[in-house]
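The shown structure was predicted, so the numbers you read here are calculated from the model rather than taken from an experiment. Only this structure's heavy atoms are used, side chains among them; waters, hydrogens and symmetry mates stay out. Chain naming here is simple, since letters A, B, ... match the order of the sequence lines and numbering starts at 1 in each.
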2 protein chains.
Amino acid sequence: MVTIADVARHAGVATSTVSYVLSGKRTISPDTRERVQRSVRALGYRPNASARALASQRSNVLALVIPLRTGMHVPVMMQFATAVVTTARRFDHDVLLLTADEGPDGLERVVQSSLVDALVVMDVELHDERVPVLRELPMPSVLIGYPEEADGLTCVDLDFVAAGALCVDHLADLGHRSLALLGTPSAVYERQTGFAQRTLTGFAEAAVRRGVLGVETPCEHTFDAILHTVEQLLRDHPDLTGLVVQNEPIIGPLLDVLRRLGRRVPEDMSLVAICADDVAERQVPQLSSVTIPAERIGEQAVESLITKLAGGSVPDLALLPPALTARGSSAPHADRTTA
Amino acid sequence: MVTIADVARHAGVATSTVSYVLSGKRTISPDTRERVQRSVRALGYRPNASARALASQRSNVLALVIPLRTGMHVPVMMQFATAVVTTARRFDHDVLLLTADEGPDGLERVVQSSLVDALVVMDVELHDERVPVLRELPMPSVLIGYPEEADGLTCVDLDFVAAGALCVDHLADLGHRSLALLGTPSAVYERQTGFAQRTLTGFAEAAVRRGVLGVETPCEHTFDAILHTVEQLLRDHPDLTGLVVQNEPIIGPLLDVLRRLGRRVPEDMSLVAICADDVAERQVPQLSSVTIPAERIGEQAVESLITKLAGGSVPDLALLPPALTARGSSAPHADRTTA
DNA sequence: ATGAAAGCGCTAACAA
DNA sequence: TTGTTAGCGCTTTCAT
């Protein structure tokens, strides 16, 4: 292993000079800088991460806590994760992967052992037991999602309230007057995961604002559950022409169910999904959808963290605006009076 | 921050004694051990990871290199990843997440800076540029998947050859004589990803061995591509009654296509998928399938790594046996002579 | 069975 | 502008 001392010797300078050339923390004459850099390259020197961390009290590692549960959409999580890693690397940091099943103890462990400098915590629930821990931690953290009590915490998320409202507005603009939200399985609501709740809120508020009917129902992932839920919905609301879906696994089967029930999309039923773009584009017809900007959220989370580590201040809550892409699954309301 | 010196002082012993109590690397009198442990708890002591790593030359961190590409099935990757983290924790290790886009340099970086002790590399291709690097690295590594030139490397994977053969045997046992493999998009084959190639090999060999017709075709993810591929297949092989699918995203649309073409599953066409269980169970009818034992693979990879770190030896290649679960999508061949 | 002390490789005062 | 050196907190020889 080649050490900083080897480099210093090779370049004929002190170790501190090498250190300062590398960190840029003090001015170095162009001449020595050049000599040192040449030696670094010649010897293939890489600073030892542990030694650096021990001396500087900075590991340059961020913790990423990912959930390990059902109901979450996995590809989106993966997008978060890769965005977090990619962005972290952009700021010369690495990412330690933690699963949520270690719970609050896991956070304390990596923090107190100085393994990491900061934390990104995904899939935060409304009443998350990790939240009080995070608040007391002597270390910056950013939550993806947000809890009921978010004081003193930094949160980043899609503005799901706006997303729910955006779907209603889109359908209302097309002339639909009777809408339903097909949500995540009830277990997700019971866990009080923020995003599901908030979409529902936005959906309901917008329906009132637009003066349209807006009913909501959770939906399990099995085909039978979907069939039953939709049948029930159509029975209770025969004039239903607009459907909002926030539940990726059911999208395919749902299209099947509608076909089977003789409802054509979009002629008889307009559909808007809140899901990843690739999923929306894979369907027949392609789905109008609100994208979850996973990359942007992950990037934003890390940027906030880096700013905090540098002593800067960031907004407590960054809600990223949703964007709706209209595709083939939503169309103007077919006026029955002319039919 | 509580240091080992604080604990030593509190317990009235030398720091080395505390260290040895914690590591168990020398015999300690029950009395002192007890006193030290009490002090550790009383002060809430956690060893500093950097200091420990610097002194012991062991970071207790494994690198997990995940791919960042299309064509791979994301939920399965996620299962790998969580299994790797969970198993690593079982052995008191943490996991550093690297994306494949850093390439060979990324590996060298984390290795040479002593950030990690060992590497798990996912989605290894037949001719992977990271393979020569891994072979030269002064550090144990385990590949998930395996390359053409695997000498001196440790690989863990599902036995895809056996998986392909298992599907053929299952269908042949049911009396089907004309089978087709609907594979991954041709891009995946061109990248020469091992698993796709190997499934094909097993499929073809088993077809010959069983004396049945076995044709193979890649398949893109779009609905039109699937429709076209299946139509072509049925045109070329009118007596086709058995389909093997190794391409998760197309499973749903494929069922649609078959329905649309008037082929009932399993009455007219038996279907076996190589995919995650939850995907198979979500379909109508539920799919007979060969599961990718992602958890087991991740676990096995880490176990091998830990063994290697301890100086033990492990098999060069661990091929995990596939298991087929028969569900509703495969049935005995309907003999046309009696129809 | 325990202690004393020399590093591990680096950073950042402090000096010059 | 550069060098000297004292730690950072721990592990592990070497002593006892």
Nearest-Å distance for atom pair CE/P, residues B:Met1 and D:dG7: 18 Å
Spacing between A:Asn48 atom CG and D:dC10 atom P, to the nearest angstrom: 17 Å
Counting primed atoms plus P, OP1 and OP2 as sugar-phosphate and everything else as base, spell out the protein contacts along nucleotides 11-16 of chain C at 4.0 Å heavy-atom distance: B, S or - for each nucleotide, 5' to 3'. SBBB--
The complete set of side chain to side chain donor-acceptor pair (under 3.5 Å) pairs with one or both residues in residues 83-95 of chain A, sequence neighbours excluded, reads A:Arg89-B:Glu102, A:Arg90-A:Glu299, A:Arg90-A:Glu303, A:Asp94-B:Arg109
Whole Å only: how far is the CZ atom of A:Arg9 from the P atom of D:dG3? 14 Å
Flag, side chain of B:Ser19 to backbone of B:Thr15, donor-acceptor distance under 3.5 Å: no
Going from CZ on B:Phe80 to CG on B:Leu64, what distance comes out if it is rounded to the nearest 0.5 angstrom? 10.0 Å
Name all pairs fulfilling the salt bridge (Lys or Arg N to Asp or Glu O under 4.0 Å) condition that reach into residues 36-52 of chain B, sequence neighbours left out, sorted by first residue then second. B:Glu34-B:Arg38
How would you list, by chain and number, every residue that makes a salt bridge (Lys or Arg N to Asp or Glu O under 4.0 Å) with B:Asp159, sequence neighbours excluded? none
Within the side chain of A:Arg198, is there an N or O that forms a donor-acceptor pair under 3.5 Å with the backbone of A:Leu158? yes
At a heavy-atom distance below 4.0 Å, what parts of residues 27-39 of chain B sit against DNA chain C? B:Thr27, B:Ile28, B:Ser29, B:Thr32
Can you name the salt bridge (Lys or Arg N to Asp or Glu O under 4.0 Å) partners of B:Asp151, sequence neighbours left out? none
Whole-Å distance, B:Leu54 CG to C:dC8 C1', equals 4 Å
Considering all heavy atoms of both residues, which atom of A:Gln79 and which atom of A:Ala276 are nearest to each other, and what is their separation? NE2-CB, 4.3 Å
